[in-house]
Amino acid sequence: MTVTLERPARPAQRSGPVLACTSVCTALVVGFVAAINLAVPKLAASSLHPTSSELLWIVDAYVVMFACLVIPAGAVGDKLGRKGTLLTGLGIFAAGAVVSAVAPNVAVMLAGRAVTGLGAACVLPNCVGVLLHATAPERRTYALAVWAAATGIGGVVGNVGGGAVLTGGSWRSLFVAVAVVAVGCLAWAARSAPRSARHERTPDVPGTLLFVAAVVVLLTGIIEGPGQGWGSTVVLTAFACGILLGVCWVLVELRVAHPMLDPRVFRNPALGSAGLGMAITFFGSFGLFYVNASLLQYGRGFSVLQTGLGIVPLTVPLLLGTPWVPGLVRLVGVPATLAAAFGLTGAGLLWLSYASNAAYPVYAAGLVVVGLGIMLAAPCLTAQIASALPVERAGIAGGLQSATRELGSALGVAVVGTVLTAGFTRHLPAALGEHSPAPRTVREALTLAPSDRAAVTEAFTHGADTALRAAALVVLAGGALVVAGSRYAAGAARR
């Protein structure tokens, strides 16, 4: 039974300010994933003295908490109120950033990162819920398209903003700046976001715990894969446990009266293909972000700020073209739009793999092509996921979109990073390649052989080119599956 506890605001009056606010909140929590990567060199040389494994988890603790809690947090918003959950999430996000900013050791830093990830998990799905509630039905496709663009732009905002802050300050200043922005977003959301109806549902505690556990161990396997080896006991055990917990989660959800996320919704071919498409889209984009940051710094000698600005051409299509995507989808259909999206993204990644040593304008043109692909894919897929679930489950819809995005992002970084490292070590000078253990990063290689900078940089460029080509193949192959699924869904809908 659904019980309305609060009178909803009239959507048509509030949609403009709410769209702007939710887009900025989204760019903040997505951009923080990219910004922290720019701080890695300063963190590595800081008084925290993190090991390589600890450094990896400083980056990934946020992603793990974000990904495993984003669907449960969407369910909490549907039950307790989306605005309240959004505001709580922004407060938690800011508090976690403050903890990280003042961290005296790695343990406190990791705790702060985990808390920030919890806040982000509350923010992102409830941005969708608040936005859908505040927007008239005939405007929702356009609003979702603009919001989806914010998820793509967020990574670039993180690169540019993070680069600017880190150029003028320490790594602690990055966390302080993020906390300040989060507090500003909290005040903005408190003023502009309308309250929505609460939906009384019995909490699905067993299903939620099993889901969280399954995602945590799965992401642990993905994150540890590049360092431990994909065939290592740790990684294989994590994947096996993830599959087992996932099966248990499905069995539990099929039996409870009010599941957190009913697995039967994936019988909808449009939802299944859209979820896969979201994962593939962000596999390619975050794989690119991972390679691009180092490629511009090592290959072209860019500063941190120049590196952040160097990715800006990717955002041009997102900023200029996104409002036109819903009309294009109505004109040519979802399958054709997605075919163009994944074709452009894959072609752009291949372009970049052959332009690493070319003049920057040539490289920037490849970024624009990738941006065109993301511009077409993100709004189309977001609208598919949102339309597959009823509006009273908008938080779950936002959580599902965010979870598939985070999973794709984590896989993109892990797989592309593995290919990059393998290519880098294979092309190192013979003396360095025979060193035990072989250096896995440019910094390690230059520490062992500072006079071989040109050869080490060339080896890294070879590895980056191979990694971008691998990402392109995954995007093109996965995109073909998504297009086939969307064509099947379109045919089923007409029957």
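Computed from heavy atoms alone, side chains included, the values below leave out hydrogens, waters and symmetry copies.
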Fill in: Trace of the side chain to side chain contact (heavy atoms under 4.5 Å, CB included) decision for Trp171 with Met109
CA-CA 12 Å; Trp171 61 267; Met109 166 62 78; 3.2 Å; yes
Worksheet item: Does the side chain to side chain contact (heavy atoms under 4.5 Å, CB included) test come out yes or no for Ile222 and Leu219, once each step is laid out?
Response: CA-CA 5 Å; Ile222 293 171; Leu219 285 174; 4.3 Å; yes
Practice prompt. Go through Arg405 and Val70 one step at a time and tell me if the side chain to side chain contact (heavy atoms under 4.5 Å, CB included) criterion holds.
Written response: CA-CA 11 Å; Arg405 183 185 67 80; Val70 70; over 6 Å; no
Item to complete: Start with the C-alpha gap between Phe66 and Leu124, add the side-chain angles, then the distance that decides, and say whether side chain to side chain contact (heavy atoms under 4.5 Å, CB included) holds.
Response: CA-CA 9 Å; Phe66 194 171; Leu124 203 57; 3.5 Å; yes
Discussion item. Run the side chain to side chain donor-acceptor pair (under 3.5 Å) test on Thr22 and Trp147 for me, step by step, so that the C-alpha distance in whole Å, both residues' side-chain angles and the decisive distance to 0.1 Å come before the verdict.
Written reply: CA-CA 7 Å; Thr22 54; Trp147 180 85; 4.8 Å; no
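Two residues are said to be in side-chain contact when any heavy atoms from C-beta on lie closer than 4.5 Å; Val99 and Val115 fail this criterion. Under the 4.5 Å side-chain criterion, counting only non-hydrogen atoms from C-beta, Val33 is not in contact with Phe289. Taking the side chain as every heavy atom from C-beta outward, Glu458 and Thr461 never approach each other to under 4.5 Å. Between Val312 and Val160, some side-chain heavy-atom pair lies under the 4.5 Å cut-off. The closest side-chain heavy-atom distance from Leu468 to Trp351 is not below 4.5 Å. In this structure, Thr167 and Ser303 have side chains that are not in contact, with every pair of non-hydrogen atoms separated by 4.5 Å or more. Between Ile71 and Pro125 the shortest side-chain heavy-atom distance does not fall below 4.5 Å.
Annotation for Leu245 and Ala214: closest pair CB-CB, 3.7 Å, computed over non-hydrogen atoms. Counting all heavy atoms, side chain and backbone alike, Leu367 lies closest to Gly310 at CD1-O, 3.2 Å.
Ring geometry for Tyr360 versus Phe302: interplanar angle of 30 to 60°, hence tilted. Note: Phe282 and Phe286 have tilted aromatic rings, judged against thresholds of 30 and 60 degrees for the angle between ring planes.
Between the side chain of Arg487 and the main chain of Ala336, no donor-acceptor pair closer than 3.5 Å is present. Between the Thr425 side chain and the Ala422 main chain, a donor and an acceptor come within less than 3.5 Å of each other. Judged by distance alone, the side chain of Ser353 and the main-chain N or O of Leu350 form a donor-acceptor pair under 3.5 Å. Panel note: side chain Ser46, backbone Leu43; a donor-acceptor pair is recorded below 3.5 Å. Remark: the backbone N or O of Val234 is not paired with any side-chain donor or acceptor of Thr237 at under 3.5 angstrom. When atom types are taken as modelled, the side chain of Asn292 and the backbone of Leu288 share no donor-acceptor pair closer than 3.5 angstrom. Side chain of Thr116 to backbone of Ala97: a donor-acceptor contact under 3.5 angstrom is found. Counting only distance, with no hydrogens or angles, the side chain of Arg172 and the backbone of Ala103 share a donor-acceptor pair below 3.5 Å.
Checked against Leu352 for a side-chain contact (heavy atoms from CB on, under 4.5 Å), the options Val370, Val369, Val362 give a single hit: Val370.
Seen from the ring of Phe175, Arg113 does not count as a face-on cation partner, given the 6.0 Å and 45° thresholds.
Rounded to the nearest 0.5 angstrom, Ile385 CD1 and Ser273 OG are separated by 9.0 Å.
Between the side chains of Trp230 and Thr418, a donor-acceptor pair is found at a separation under 3.5 Å.
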